[in-house]
Amino acid sequence: MPRKLTAILILSTALLGACASIAPQTETANEQASAARKYQEAITLAGRLSVQYQKDDKDEAIHGSFTWKQNKDRSSIAILSPLGQILATIEVTPDNATLIQSGQAPRSAADVDLLVKQTLGWPLPVSGLRSWLQGFANGSSNKEFMATANNNKVTTRDGWNIQYPTWESNQQTPAQERPKRIDLERQTEQAGKVAIRIVLDSWQTP
């Protein structure tokens, strides 16, 4: 084989090998960056909330804000009106959940999601949101899911369709993104099609 042709073949093979080694790194760069995002047991969040559902075959909507504080053993949630009045507070421990509405006696139950649904008339998946607000979930096949800007949809084991359409940089770790907006949808017997939009305005970690 002529030396010139041999040199060309060697050079071509080297270039192909270089491309093969570079391509996977480029494709997984976003995944590697996102993998640095860790689930936070203790976190304080605040944001806005809108809920669309049905009651007595009529469309209903709720708009307001919320605060969310959790640690390993407790979650504390407050739902506020657009004017800042507290509409409901929810306290959750491993053994019990308590919901208090303004002017009403506290109600308690072992299952926080059932308590919220029965009291408010629409479902708010508090138990799932402990993870979903940070972009972590278990999919319908029970496979662990971590949302990224390029992989932002999942259907959970209990039938919630979750989408993370908007992201923002973590000020403490600029290269690491986190969810800014979270959309949840689910068809229910009690409240028809339920659509919940959550916008996170602030994050605080210890």
Side-chain angles (χ1 to χ4, degrees), residues 20 23-43 45 47-54 66 68-75 77 90 92-97 99 109-170 173 175-200 203 205:
Q25 295 177 2
T26 302
E27 292 172 359
T28 60
N30 183 65
E31 295 177 4
Q32 291 173 348
S34 298
R37 193 173 84 245
K38 301 296 184 181
Y39 174 76
Q40 302 290 330
E41 286 281 5
I43 191 169
L45 307 172
R48 288 160 283 156
L49 175 76
S50 66
V51 184
Q52 295 179 334
Y53 65 103
Q54 292 180 330
F66 73 96
W68 180 291
K69 185 175 183 178
Q70 72 178 54
N71 57 37
K72 183 178 179 181
D73 300 317
R74 179 180 292 271
S75 298
I77 303 101
I90 306 166
V92 187
T93 65
D95 301 321
N96 190 56
L99 189 152
D111 186 328
V112 62
D113 294 340
L114 182 60
L115 173 65
V116 171
K117 181 173 63 174
Q118 292 178 342
T119 305
L120 300 183
W122 48 272
L124 181 67
V126 173
S127 58
L129 284 169
R130 275 185 64 97
S131 300
W132 302 349
L133 290 172
Q134 299 185 50
F136 298 90
N138 282 87
S140 55
S141 61
N142 206 32
K143 183 179 179 180
E144 292 184 358
F145 171 85
M146 182 177 69
T148 68
N150 294 326
N151 184 31
N152 63 1
K153 296 180 181 180
V154 65
T155 299
T156 68
R157 291 176 296 175
D158 52 354
W160 283 97
N161 297 311
I162 308 176
Q163 184 173 1
Y164 298 87
T166 308
W167 293 73
E168 69 176 355
S169 296
N170 185 334
T173 311
Q176 180 177 301
E177 290 188 319
R178 61 192 183 193
K180 173 68 175 178
R181 192 182 110 193
I182 307 163
D183 295 343
L184 300 90
E185 286 190 358
R186 183 183 176 186
Q187 187 69 35
T188 70
E189 293 184 5
Q190 177 193 17
K193 182 180 179 181
V194 177
I196 302 174
R197 174 175 293 182
I198 297 170
V199 177
L200 298 174
W203 293 61
T205 55

Sort out for me which residue in Val154, Val194, Leu129 forms a side-chain contact (heavy atoms from CB on, under 4.5 Å) with Trp160.
Val194

For the atom pair [atom1] ([X]) and [atom2] ([Y]), what is the distance rounded to the nearest 0.5 Å?
| X | Y | atom1 | atom2 | result |
| --- | --- | --- | --- | --- |
| Glu177 | Ser169 | CD | OG | 5.5 Å |
| Ile77 | Lys69 | CD1 | NZ | 12.5 Å |
| Leu49 | Ile196 | CG | CD1 | 7.0 Å |
| Ile43 | Trp68 | CD1 | CH2 | 10.5 Å |
| Gln134 | Thr205 | CD | OG1 | 9.5 Å |
| Gln163 | Arg181 | CD | CZ | 7.5 Å |

Kindly say whether [Y] contributes a backbone atom to a donor-acceptor pair with the side chain of [X] at under 3.5 angstrom?
| X | Y | answer |
| --- | --- | --- |
| Asp113 | Val126 | yes |
| Thr188 | Gly192 | yes |
| Gln190 | Lys117 | yes |
| Arg37 | Thr148 | no |

Taking the side chain as everything from C-beta on, heavy atoms only, tell me whether [X] gets closer than 4.5 Å to [Y].
| X | Y | result |
| --- | --- | --- |
| Tyr39 | Met146 | no |
| Gln54 | Lys193 | no |
| Trp132 | Phe145 | no |
| Lys180 | Val199 | yes |
| Arg178 | Glu168 | yes |

Search all heavy atoms of [X] against all heavy atoms of [Y] and return the closest pair with its distance.
| X | Y | value |
| --- | --- | --- |
| Val112 | Ala97 | CB-CB, 3.6 Å |
| Ala191 | Pro123 | CB-CD, 4.3 Å |
| Leu200 | Trp203 | CD1-CZ2, 3.6 Å |
| Ile198 | Leu184 | CD1-CD1, 4.0 Å |
| Ala110 | Asn96 | N-OD1, 4.4 Å |
| Asn138 | Asn142 | ND2-O, 3.4 Å |

Within 6.0 angstrom of Glu144 CD, more than 12 heavy atoms from elsewhere:
no

Taking atom CD of Gln52 as the centre, does the number of heavy atoms from other residues, nucleotides or ligands within less than 6.0 Å exceed 12?
no

Are Thr156 and Asp158 close enough that a side-chain donor and a side-chain acceptor fall under 3.5 Å?
yes

Pair Arg130 + Glu41: basic N to acidic O under 4.0 Å:
yes

